[in-house]
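Taking it in order: structure first as structure tokens, then the write-up.
Just so you know, these numbers use all the heavy atoms, side chains as well, and skip hydrogens, waters and symmetry mates. Since we're looking at a predicted model, the values are computed, not measured.
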Amino acid sequence: MTARPLLVLASGSPRRLELLNQAGIEPDRLLPADLDETPQRNEHPRSLAKRLSKAKAEVAAKALDELEIGDPSYIVAADTVVSVGRQIMPKGELVEDAIANLRTLSGRTHRVYTGVCLISPKGTPRQRLVETRVRFKRLSRQDIDSYIASGEWRGKAGSYAIQGLAGSFVVRLVGSYTNVVGLPLYETLALLTGEGYDIHARWKAATVATEDA
């Protein structure tokens with residue numbers, strides 16, 4: 001048994017890792033889950049985010065078991081979905097899809113849902129769903145063409161990254177900013193704390209190191 005349980009992030013997203021680091025948390029392992037993220041027929045965006053986040057956590061838990069590490073672990077997984085009404089915006093993979101997404105989002109309010117799932121050493125999944133409303137300005141053809149040329153849209157929910165150039169498109173945001181980036185920090189840390197994970201461990205370690213220097 002280790003002095004503290006392991007923290008596993010079931011994602012390969014640099015943004016989610018950066019957000020956890022911002023909160024003073026460094027995952028012990030990254031175990032991205034390769035899933036088919038295609039929405040089911042008539043699936044609501046909220047349901048999709050919750051379903052995929054739980055599935056990612058369960059895939060990571062199975063992978064961790066196969067590694068036979070044996071240490072108690074907390075597994076965090078998340079999935080972010082962008083929608084206009086019930087219309088789910090596909091992730092930015094193809095240029096034509098990204099252009100279509102940006103045209104749909106132009107001048108409108110859309111919703112960003114992130115499902116967060118935590119599997120604690122007890123083995124029981126706990127979930128939170130976070131919703132943020134975002135309104136874009138009316139995008140000109142030059143806005144869209146230049147953003148597509150930047151490449152920032154690739155692999156992003158809704159084909160944009162609010163922490164990058166697309167931040168200049170946002171007229172209004174109601175809710176969690178970190179949710180739009182890809183991991184709602186308040187809710188994620190609340191889940192961890194509620195299951196007994198010490199989110200302040202590195203904070204205290206940094207204080208001790210400073211005092212010893």
Within-4.5 Å side-chain heavy-atom neighbours: Q163 and E18: no
Smallest separation among heavy atoms of E195 and Y74, with atom names: O-OH, 2.7 Å
Side chains of L192 and L7, heavy atoms from C-beta outward: is any pair under 4.5 Å? yes
R86 atom CZ: more than 12 heavy-atom contacts under 6.0 Å: yes
Donor-acceptor pair, side chain of D97 and main chain of G92, under 3.5 angstrom: no
Report, as yes or no, whether the 6.0 Å neighbourhood of atom CD on Q142 holds more than 12 heavy atoms from other residues, nucleotides or ligands. no
Heavy-atom closest pair, residues S53 and G115: CB-O, 3.1 Å
Could you state whether I75 and I199 fall into the same hydrophobic cluster, counting links through intermediate Ile, Leu, Val, Met, Phe, Trp or Tyr residues with side-chain heavy atoms under 4.5 angstrom apart? no
For a 4.5 angstrom cut-off between non-hydrogen side-chain atoms, does I148 reach L102? yes
Of the non-hydrogen atoms in A57 and C117, which two are nearest, and what is the gap between them? CB-SG, 3.8 Å
Please report the closest heavy-atom contact between T178 and P184, naming both atoms and the distance. OG1-CA, 3.5 Å
Any P27 side-chain heavy atom under 4.5 Å of L17 side chain: yes
Walk me through it: do D143 and S140 pass the test side-chain hydrogen bond (donor to acceptor under 3.5 Å, both in side chains)? CA-CA 5 Å; D143 287 330; S140 67; 3.1 Å; yes
Does W153 use its side chain to pair, donor to acceptor, with the backbone of G158 at less than 3.5 Å? no
Does L31 share a hydrophobic cluster with V76, counting links as ILVMFWY side-chain heavy atoms below 4.5 Å and allowing steps through other members? no
Tell me which pairs pass salt bridge (charged side-chain N to carboxylate O under 4.0 Å, His left out) where either residue lies in residues 37-46, with sequence neighbours left out. E37-K56, E37-K91, E43-R51, R46-E131
Closest heavy-atom contact between A161 and A166? O-CB, 3.5 Å
Looking only at atom types and distance, does a side-chain atom of T114 sit under 3.5 Å from a main-chain N or O of V130, one as donor and one as acceptor? no
Hydrophobic clusters here meaning ILVMFWY residues chained together by side-chain heavy-atom distances under 4.5 Å, can you tell me if M89 and Y160 are in one? yes
Do you reckon V116 sits in the same ILVMFWY cluster as L189, going by side-chain contacts under 4.5 Å, direct or chained? yes
Backbone of G182 reached by a side-chain donor or acceptor of R16 within 3.5 Å: yes
Within the distance-only criterion (no hydrogens, no angle test), does the side chain of H110 pair as donor or acceptor with the backbone N or O of V134 below 3.5 angstrom? yes
Which atom pair, heavy atoms only, marks the closest approach of A49 to L129? CB-CD1, 3.9 Å
Under the 3.5 angstrom rule, does the side chain of N21 hit a backbone N or O of I25 as a donor-acceptor pair? yes
Check the hydrophobic clustering (I, L, V, M, F, W, Y; side-chain heavy atoms under 4.5 Å; chains of links allowed) and say if L185 and V112 are grouped together. yes
Got a donor-acceptor contact below 3.5 angstrom from the Q127 side chain to the K50 backbone? yes
Is atom NZ of K62 surrounded by more than 12 heavy atoms (other residues, nucleotides or ligands) closer than 6.0 Å? no
Is any side-chain heavy atom of V181 closer than 4.5 Å to a side-chain heavy atom of I162? yes
